[in-house]
Amino acid sequence: MTHRSTALITGASAGFGLALARSLIDRGWRVIGTARRADRLARVGAEIGEAFLAVPGDITDPAHRAELAEVAGEFGHLDLLVNNASALGPSPMPRLAKYPLDQLELVYRTNVIAPLAVVQFALPLLDPDGVAVNISSDAAVEPYPDWGGYGSAKAALDQLTAILAAEHPELSIYAFDPGDMRTEMHQAAFPGDDISDRPEPETVVPALLRLIEQRPKSGRYTAADFAAGVGR
């Protein structure tokens, strides 16, 4: 029986997650996609076809994660996990001195706790040459004013990723910073600004695919590290 590569992508209904799902399916993969907006996810499934298995729900909800684990377990394996779902926090983004702590907790639940929870159920399903990717941001390493909530959560995700990699040297585990993109979340970070100069998510996907194909040592990488013509 021919092995069909299977990916689990969170935040798969729009932006980078959707662009990645389309690209993988074009390459013959099967994609389990999840996102909070059931209507959007259903449209994606109708557009892409049966290779896209839509499992709508909130990734911060333990019951939804249990459902995802059950669906992934039915296939018996995962070749790729991409924790792409993220929460920006309030828009406009507040400075830390006035950051609503209930909103900060939600940002951390979405950007740190939920990705770890997904990794925990996915690890036994990842093939020996499997790949896990946590989508990061330059805000994780640069102290931009007003980005304290989102940036600190992504910094925590980076460290979590590094420790997971040290604990599981048999797997390829990456933090991947795609850079600025023309997405709804990026627009929410700059309300009222024209972000049409940012690249479309589809143009960034090839860099992540090159990372997955080349399998460098586990670590943190940016899209620029795997731009066209750049070898590692």
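In the displayed structure, Glu170 atom CD is contacted under 6.0 Å by more than 12 heavy atoms of other residues, nucleotides or ligands.
Taking 4.5 Å as the limit, some side-chain heavy atom of Tyr99 sits within range of a side-chain heavy atom of Val107. Residues Phe226 and Leu209 are not in side-chain contact: their nearest non-hydrogen atoms beyond the backbone lie 4.5 Å or more apart. Using a 4.5 Å heavy-atom threshold, the side chains of His64 and Val55 count as touching. Side-chain atoms of Arg40 and Leu18, non-hydrogen and from C-beta on, never get closer than 4.5 Å to each other. You'll find the side chain of Ile135 reaches within 4.5 Å of the side chain of Val82, heavy atoms only. Looking at heavy atoms from C-beta onward, Val141 lies in side-chain contact with Arg220 at the 4.5 angstrom threshold. Residues His77 and Leu125 are not in side-chain contact: their nearest non-hydrogen atoms beyond the backbone lie 4.5 Å or more apart. A heavy-atom distance below 4.5 Å is not found between the side chains of Leu53 and Arg30.
Side chain of Asn111 to main chain of Lys154: no donor-acceptor pair is present (N/O by atom type, distance under 3.5 Å, no hydrogens or angles). Remark: the backbone N or O of Asn84 is paired with a side-chain donor or acceptor of Thr10 at under 3.5 angstrom. When atom types are taken as modelled, the side chain of Tyr144 and the backbone of Asp138 share no donor-acceptor pair closer than 3.5 angstrom. Side-chain atoms of Thr161 come within 3.5 Å of backbone N or O of Leu157 as a donor-acceptor pair. A donor-acceptor distance shorter than 3.5 angstrom exists from the side chain of Ser218 to the backbone of Ile173, with no hydrogens or angles considered. Distance alone, capped at 3.5 Å, places no donor-acceptor pair between the Asp127 side chain and the Asp79 backbone.
Val119 and Val133 end up in different hydrophobic clusters when Ile, Leu, Val, Met, Phe, Trp and Tyr side chains are linked at under 4.5 Å. Placement of Leu24 and Val204 within a single hydrophobic cluster is found when ILVMFWY residues are connected by side-chain heavy-atom separations under 4.5 Å, directly or transitively. Criterion: ILVMFWY side-chain heavy atoms under 4.5 Å apart, direct or through other members. Under it, Tyr221 and Leu160 are not part of a common hydrophobic cluster. One hydrophobic cluster, built from ILVMFWY side chains closer than 4.5 Å, holds both Ile59 and Val71. Transitive grouping of hydrophobic side chains (ILVMFWY, heavy atoms separated by less than 4.5 Å) brings Phe52 and Leu80 into a common cluster.
Of the inter-residue distances, the one linking Leu116 atom CG with Asn83 atom CG reads 9.0 Å to the nearest 0.5 angstrom. Summarising the geometry, atom CG belonging to Leu81 is positioned 12.5 Å from atom OG1 belonging to Thr6; distances are rounded to the nearest 0.5 Å. Atoms CG and CZ, on Asp58 and Arg37 in that order, are 13.0 Å from each other to the nearest 0.5 Å. Glu202 CD to Leu20 CG: the interatomic distance, rounded to the nearest 0.5 Å, is 11.0 Å. Atom CD of residue Glu105 and atom OG1 of residue Thr60 lie 12.5 Å apart, to the nearest 0.5 angstrom. Distance check: Tyr174 OH to Asn134 CG gives 12.5 Å after rounding to the nearest 0.5 Å.
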With side-chain contact (heavy atoms from CB on, under 4.5 Å) as the test, would you mind laying out the steps for Leu123 and Leu171 before giving the verdict? CA-CA 9 Å; Leu123 278 174; Leu171 297 174; 3.4 Å; yes
Where do Thr34 and Glu67 land on the side-chain contact (heavy atoms from CB on, under 4.5 Å) test, with the steps shown first? CA-CA 11 Å; Thr34 184; Glu67 181 185 12; over 6 Å; no
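For the residue pair Arg27 and Ser23, the shortest heavy atom distance occurs at NH1-OG, 2.5 Å. The two residues Ala35 and Ser13 make their nearest non-hydrogen contact at CB-OG, 3.4 Å. Nearest approach of Trp147 to Met93, heavy atoms of both residues: CE2-CE, 3.1 Å. Residues Ala12 and Leu41 approach most closely at C-CD1, 4.3 Å, considering heavy atoms. Asp158 and Ala175 make their closest contact through OD1-CB, 3.5 Å (heavy atoms, listed as atom of the first residue, atom of the second, distance). Residue Tyr150 comes nearest to Ala87 through the heavy atom pair CD1-O, 3.3 Å, listed as atom of the first residue, atom of the second, then distance.
Taking the six-membered ring for Trp and thresholds of 30 and 60 degrees, Phe176 and Phe16 have nearly parallel ring planes, at less than 30 degrees apart.
Looking at Thr222 and Asp225, their side chains do bring a donor and an acceptor atom within 3.5 Å of each other. Side-chain contact annotation: Ser152 with Tyr108, donor-acceptor N/O pair under 3.5 Å present.
In this structure, Arg65 forms no cation-pi arrangement with Phe121, as its terminal cationic atom is not both closer than 6.0 Å to the ring centre and no more than 45° off the ring axis.
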